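Written below as structure tokens is the structure these notes are about.
We use all heavy atoms of the structure for the numbers below, so side chains are in, but hydrogens, waters and symmetry mates are not. Remember, it's a predicted structure, so these values are computed and weren't measured experimentally.
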Amino acid sequence: MSSFLLRRLGGAVFVLLALSIVVYVTFYVAPGDVAQIACGPRCSPVQVAQVREQLHLGDPLYTQYAHFIQGLFAGRDYSTGTGVLHCQAPCLGLSYQSDQQVTQLILAKLPATASLAAGAFVLWMLLGVGTGLLSVWRRGRATERVLTGITLAGMATPVFVIGLLLIIVLVTALQILPFPDYVPLTDDPEQWAWNLLLPWISLALVSAAPYARMTRASMLETLAEDHVRTFRAYGVGERTIIGRHALRGALAPVIALGALDIGSMFGGAVLTESLFGIPGVGRELVDAVKHVDLPVVVGLVLVTGFFVVLANAVADILQAAADRRVVLA
């Protein structure tokens, strides 16, 4: 297990390094004149030249990238024209719009996104896996056909449609839930959960559908294996076979899918945060793209990649623990 963990760690570091190269080249080479974007459309050629010098854009590309990597591990100094501003490690640059450190900006928005992702993840896993198990338990009956139709409808419905319907029904018509107004967990845990309940339900209803279908397919495949037929031959009940013997092996692909989704969610649920007004990473990404704030966009893409890679590494470990057939290679 220790050698497996070291290999996964080395692979994760390599993937993150490759991602940083691709992202840096894509955003800082392809768009054109970064100095003009950073300075703004009303800047004179002299001001643009000053910004280009401050950002070291005249250096070779590999030197610029080396400065970027140096900032991640040791911090970096930025000229403000009248002085020098030190960006502490891990430094992802300074926002063109606010001159705020991108790292601090992301850290300020991350708790809201983490709250949204964690609660929705728990709900959609319980709903998705539970629906898939019930579909297998009632296979061949009307219950299975109804659940299959519901999951197909859930996969075909965008999250903003579900969100709008829930707002109309639960907030406006029935007045059961308040319109979300994000409250930090440390301020008031009860209000934190109450205000996030509607976004959690919206994401869970949409995201649970693929888990239900994957759980059902994986369970049916596992139930057709030889060792399950042996259990049936010895008279073991179907409920025991599904709950104690088949479920553990069937969860491996569900864990892999969950890792991808939760990693992407921590990178920002753009539609959900925009719809419900949650001040998270997703809304920050929308604002950064709208204002062409390249350091913020690059920082958010790298943070998203970090969480996806981390979640996949954790998923590999959980898969090995859940299914003994997984080889630690």
Side-chain angles (χ1 to χ4, degrees), residues 12-13 15-16 19-20 23-24 27 68-69 71-73 75-76 87-125 159 163 180-204 207 258-291 293-315:
V13 172
V15 171
L16 288 174
L19 176 65
S20 68
V23 170
Y24 191 86
F27 285 97
F68 177 75
I69 293 298
L72 292 178
F73 295 98
R76 186 176 176 184
C87 179
Q88 297 180 349
C91 177
L92 292 170
L94 300 179
S95 170
Y96 292 163
Q97 297 297 315
S98 63
D99 289 332
Q100 186 179 357
Q101 294 187 23
V102 174
T103 305
Q104 295 178 354
L105 193 150
I106 294 176
L107 290 177
K109 304 292 184 179
L110 198 56
T113 298
S115 299
L116 175 64
F121 178 76
V122 173
L123 282 181
W124 85 52
M125 286 294 288
V159 65
D181 183 15
Y182 178 73
V183 177
L185 175 62
T186 54
D187 292 352
D188 191 336
E190 182 179 353
Q191 289 299 317
W192 168 82
W194 187 246
N195 281 276
L196 284 174
L197 187 57
L198 191 60
W200 286 344
I201 295 174
S202 300
L203 274 175
S207 302
L260 288 173
D261 284 344
I262 192 64
S264 300
M265 278 286 294
F266 270 92
V270 177
L271 289 176
T272 307
E273 291 181 1
S274 300
L275 177 63
F276 293 105
I278 298 175
V281 173
R283 284 186 64 189
E284 188 63 35
L285 179 59
V286 172
D287 292 339
V289 171
K290 182 171 63 177
H291 295 100
D293 199 344
L294 291 183
V296 178
V297 175
V298 170
L300 289 173
V301 171
L302 289 178
V303 168
T304 302
F306 169 77
F307 280 116
V308 170
V309 171
L310 176 63
N312 276 274
V314 174

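The distance from atom CG of Leu300 to atom CG of Leu285, rounded to the nearest 0.5 Å, is 5.5 Å. Separation of atoms CD (Gln97) and CG (Asp293) is listed at 5.0 Å; rounding is to 0.5 Å. To the nearest 0.5 Å, atom NZ of residue Lys109 and atom CD of residue Gln104 are 13.5 Å apart. The distance from atom OG of Ser207 to atom CD1 of Ile262, rounded to the nearest 0.5 Å, is 9.5 Å.
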### Task
Before giving the answer on side-chain contact (heavy atoms from CB on, under 4.5 Å), spell out for Trp192 and Leu196 the whole-Å C-alpha distance, their side-chain angles and the decisive distance to 0.1 Å.
CA-CA 6 Å; Trp192 168 82; Leu196 284 174; 3.4 Å; yes
### Query
When you look at Leu94 and Val102, which way does the side-chain contact (heavy atoms from CB on, under 4.5 Å) test go after all the steps?
CA-CA 5 Å; Leu94 300 179; Val102 174; 5.8 Å; no
### Query
Between Glu284 and Ile106, does a side-chain contact (heavy atoms from CB on, under 4.5 Å) hold up when you go through it step by step?
CA-CA 8 Å; Glu284 188 63 35; Ile106 294 176; over 6 Å; no
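In this structure the side chain of Ser20 reaches within 4.5 angstrom of the side chain of Leu302, judged on heavy atoms. Looking only at side-chain heavy atoms (C-beta outward), Tyr182 and Phe276 stay at 4.5 Å or farther from each other. Within the 4.5 Å cutoff, the side chain of Phe307 has heavy atoms near those of the Leu110 side chain. Residues Trp124 and Asp261 meet the side-chain proximity criterion, which asks for heavy atoms closer than 4.5 Å.
Across Leu116 and Glu273, no two heavy atoms sit closer than the pair CD2-CG, 3.8 Å. Closest non-hydrogen pair, Gln88 versus Gln101, comes out as N-OE1, 3.6 Å. Nearest heavy-atom pair, Thr113 versus Gly282, reported as atom, atom and distance to 0.1 Å: OG1-N, 4.2 Å. Of all heavy-atom pairs spanning Phe121 and Gly258, the tightest one is CE1-O, 3.8 Å. Of all heavy-atom pairs spanning Leu92 and Gly299, the tightest one is CD1-CA, 3.9 Å. Taking all atoms of both residues into account, the shortest heavy-atom contact from Pro199 to Thr272 is CB-CG2, 4.2 Å.
Side-chain atoms of Arg76 never come within 3.5 Å of backbone atoms of Cys91 as a donor-acceptor pair (strictly under, hydrogens ignored). Between the side chain of Asn195 and the backbone N or O of Gln191, at least one donor-acceptor pair lies under 3.5 Å. In this structure, the side chain of Thr103 engages the main chain of Pro90 through a donor-acceptor pair within 3.5 Å.
If you look at Trp194 and Trp200, their ring centroids are not closer than 6.0 Å.
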